[in-house]
Amino acid sequence: MNKHPIDSRRRALLRGAGAASLALGGAGISLPAMAEEKPSDPWQQAQTIAARFKQPLVFRKQDFVITAHGAKPCKVSKVKGFIGHHEPGMVSTPAAGAHDCYPAIAAAIAACARAGGGRVVIPAGAWLCKGPIVLRSNVHVHLKSGAHVFFSNDPDDFAKYGEVDCGPNGKLTLSRWQSNDCLNYSPLVYAHKQNNIALTGEDWTSILDGQGGVPLNRGDCWWDWKNKRTGARELVSQVAVNPANPPSILTVAPNLTPAQVKLIEGDSNRWRNDESYLPSLSEAGVPVGKRVFGRGHYLRPCMVEFIGCDKVLLKGYQVNQAPFWLHHPVACRDLEIRKVHMDSMGPNSDGFDPEACDTVLVEDCTFNTGDDCIAIKAGKNLDTQFGPTQNVLIQKCIMNSGHGGVTLGSEMSGGIQHVYAQDVEFRNVNWATSPLSTAIRMKTNMNRGGFLKHFYVRNVTIPNGVQTTPQYYNPLPGSPIAPKSVSSSAGAVITIDCDYAPTADNVRTRPPVVSNVHISNVKVGNVKTKAGSFSCFQAIMLLGPVAFDYNGDDPSKIVPITDVTITDCDFGTPANAGSPWFAYNVTSAKLTNVTIAGKVYNTTVTA
């Protein structure tokens with residue numbers, strides 16, 4: 001951990017444990033106007049969300065073209081790299097000697113903001129940007145048809161322009177990595193506490209390219225920091241013990257008791273790898289100003305991350321090769337993403353991850369991603385100051401490859417409620433080579449905790465099914481769940497997983513609460529595999545909280561999954577014909593007119 005003092009201008013802002021909340025002006029997201037009880041007509045409330053976006057955002061009618069500020073297009077060449085997580089191939093990148101357009105884009109945005117707003121225009125052509133695009137209030141950044149922005153693949157370019165000077169770690173940005181607040185490399189497109197902003201393209205030839213699979217001269221690329229590629233340098237990884245992190249949590253949190261230290265550190269050094277060290281800092285109550293990453297650490301930035309912004313439009317462009325999550329709005333209100341094509345097959349390439357947001361519309365988007373297509377988040381560990389994610393409507397979208405189609409969690413410590421998904425096609429066109437793991441997915445565990453309630457899904461088609469082979473999870477040693485017995489990671493059409501990745505977290509003191517989940521009119525088709533014609537491995541997977549995992553003080557908080565209804569659905573033919581569903585710690589999962597392998601079920605599942 002870097003001990004260099006941060007920029008004094010931000011010291012007060014980042015001193016408290018709730019630094020990100022202070023940065024946003026206090027309490028964060030307010031509680032919903034919707035009643036806590038089950039609404040009488042949830043789909044009417046979904047339309048109320050859609051109605052919020054009938055009126056388009058308004059910007060001054062003045063264009064600021066980046067070429068007027070010195071931007072110059074570049075030539076593009078092909079190099080050997082990675083087109084997917086484990087898939088080598090030829091990838092496009094700016095040719096040697098390409099002009100850096102970061103200063104011109106930043107100058108155009110600054111001029112637009114000074115004028116009171118308007119539109120910053122990126123014309124057709126290839127443009128190298130060796131730094132983040134940072135939006136400001138009343139600024140609309142627009143990519144013309146044929147505009148292709150290549151963001152630098154050198155991490156150092158995103159540790160130069162942040163507002164917090166962290167010495168050798170770089171000038172870093174207040175951000176959130178896997179739902180924990182930190183100072184880190186800047187997201188490639190960023191905004192903080194801005195209002196009335198837009199990022200748009202003319203069509204899907206308007207491309208934002210993160211170059212996640214394009215190697216630097218030393219041979220590593222952004223994606224190698226996940227440490228899953230054969231030949232990648234093991235020590236340059238988010239999952240390897242980082243000697244920059246102290247040997248004891250007491251170094252940064254000296255007031256912890258021995259019991260707290262034991263709980264956070266566990267029985268190995270694994271807590272010192274970067275992806276575990278950050279949540280350990282949250283558990284220890286370390287202020288955000290002391291959660292310094294950046295240079296010398298290996299937490300990849302999001303492609304697009306907006307924090308604490310109101311009235312946001314994302315529309316009409318394509319995203320390729322993101323280093324990490326593609327879109328990550330945090331504590332935003334009134335956000336619309338429409339007609340965006342998300343095509344990035346790298347590790348953790350979630351397409352759209354709204355976190356602690358209120359009133360979100362996702363419409364007419366397509367997803368082909370290396371991780372969850374949509375994953376709704378709400379904080380992790382103690383970083384829950386922004387409250388729940390709520391009032392989200394997803395409709396008319398198409399999902400192809402991905403771990404989960406519409407996913408809630410796993411980081412949901414602040415809670416998720418009032419989420420609606422309708423008229424969605426899980427097309428899964430790549431079923432033979434890179435299938436959708438599961439279509440409708442809820443995932444949490446004893447660490448992430450939180451609540452998930454009032455989730456409604458209807459009118460879903462899955463013409464090519466989901467993954468037809470199992471992917472078993474690893475329970476904790478000694479768990480009542482036997483190893484390789486529950487296919488919770490892939491293979492079910494509907495997955496509710498309250499024991500997601502239990503071995504990843506030492507602190508397991510927050511039991512999740514899942515209730516009021518209502519799914520109807522799901523139609524699943526079969527595909528012809530070598531083993532037969534199947535739609536999935538298992539139709540439904542309901543894994544409630546596993547009490548064995550809990551290491552807190554009040555086991556009475558552990559409750560089963562409750563109030564789940566699945567109605568008027570046809571799940572096709574599961575490969576696991578003997579067990580069409582799995583249930584553990586579930587009360588009252590009601591199946592009505594549910595067809596599985598040609599048999600109709602009207603029953604209530606309790607386990």
Q: Verify side-chain contact (heavy atoms from CB on, under 4.5 Å) between Phe548 and Leu476, making sure each step is shown before the conclusion.
A: CA-CA 9 Å; Phe548 174 85; Leu476 289 173; 4.2 Å; yes
Q: With side chain to side chain donor-acceptor pair (under 3.5 Å) as the test, would you mind laying out the steps for Gln471 and Ser437 before giving the verdict?
A: CA-CA 9 Å; Gln471 188 171 331; Ser437 299; 4.9 Å; no
Q) Do the charged groups of Arg176 and Glu305 touch, with an N to O distance under 4.0 Å? A) no
Q. Where do Gln385 and Asp181 land on the side chain to side chain donor-acceptor pair (under 3.5 Å) test, with the steps shown first?
A. CA-CA 10 Å; Gln385 69 271 23; Asp181 302 310; 2.9 Å; yes
(Q) Looking at every non-hydrogen atom in both residues, tell me the closest pair between Tyr317 and Val319 and how far apart they are. (A) CE1-CG2, 3.5 Å
Q) According to the interplanar angle, ranging from 0 to 90°, do the rings of Tyr456 and His518 count as parallel (below 30°), tilted (30 to 60°) or perpendicular (above 60°)? A) parallel
Q: Under the side chain to side chain donor-acceptor pair (under 3.5 Å) rule, what do Asp371 and His403 come out as? Steps first, then yes or no, please.
A: CA-CA 5 Å; Asp371 209 301; His403 289 183; 3.2 Å; yes
Q: Take Ser282 and Asp383, measure what side chain to side chain donor-acceptor pair (under 3.5 Å) needs, and give me the verdict at the end.
A: CA-CA 7 Å; Ser282 174; Asp383 294 345; 3.2 Å; yes
Q.
Between Ile398 and Asp364, is the side-chain contact (heavy atoms from CB on, under 4.5 Å) condition met? List the steps.
A. CA-CA 7 Å; Ile398 296 171; Asp364 289 323; over 6 Å; no
Q) Just checking, any donor-acceptor pair under 3.5 angstrom between side chains of Asn459 and Asn521? A) yes
Q: Identify the heavy atoms of Pro502 and Asp549 that sit nearest to each other, and give their distance.
A: CB-OD2, 3.6 Å
Q: Could you check whether the rings of Trp177 and Phe324 sit parallel, tilted or perpendicular, using 30° and 60° as the cut-offs?
A: parallel
Q. Stepwise, does the side-chain contact (heavy atoms from CB on, under 4.5 Å) test hold for Ile481 with Val546?
A. CA-CA 8 Å; Ile481 306 293; Val546 179; 4.1 Å; yes
**Q.** Nearest-0.5 Å distance that lies between atom CG in Leu452 and atom OG in Ser515
**A.** 8.0 Å
Q.
Does this structure show an ion pair linking Arg333 with Asp358, if we count only N-O contacts that are shorter than 4.0 Å?
A. yes
Q | Flag for Ser349-Ser344: side-chain donor and acceptor within less than 3.5 Å | A | yes
Q) Is a side-chain donor-acceptor pair under 3.5 Å present for Thr592 with Asn602? A) no
Q: For Lys557, look at atom NZ and say whether over 12 heavy atoms of other residues, nucleotides or ligands are found less than 6.0 Å away.
A: no
Q. Which heavy-atom pair separates Pro329 from Cys332 by the least distance, and what is that distance?
A. CB-SG, 4.0 Å
Q: Verify whether one side chain among Glu202 and His142 offers a donor that lies under 3.5 Å from an acceptor in the other.
A: yes
(Q) Salt bridge or not between Asp505 and Arg448? Use side-chain N to carboxylate O under 4.0 Å. (A) yes
Q.
So that I can tick it off, tell me whether Asp563 and Lys453 are bridged by a salt bridge, with the cut-off set at under 4.0 angstrom between side-chain N and carboxylate O.
A. no
Q: Apply the test side-chain contact (heavy atoms from CB on, under 4.5 Å) to residues Met446 and Ile558: give CA-CA distance (whole Å), side-chain angles for both, the deciding distance (0.1 Å), then the verdict.
A: CA-CA 9 Å; Met446 290 288 185; Ile558 303 169; 3.9 Å; yes
Q: Using distance alone, with no hydrogens and no angle criterion, decide if Asn400 and Asn428 have a side-chain donor and acceptor under 3.5 Å apart.
A: no
Q.
Show the nearest heavy-atom pair for residues Val392 and Ile49, with the distance to one decimal.
A. N-CD1, 3.8 Å
Q | Aromatic contact, Tyr420 with Trp43 (centres under 6.0 Å) | A | yes
**Q.** Ring-ring centroid check Trp325 Phe352, cutoff 6.0 Å
**A.** no
Q) Taking the six-membered ring of Tyr500 as reference, does the NZ or CZ atom of Lys443 fall below 6.0 Å from its centre and within a 45° cone about the axis? A) yes
(Q) Whether Asp497 and Arg441 form a salt bridge (side-chain N of Lys/Arg under 4.0 Å from carboxylate O of Asp/Glu) is what I want to check. (A) no
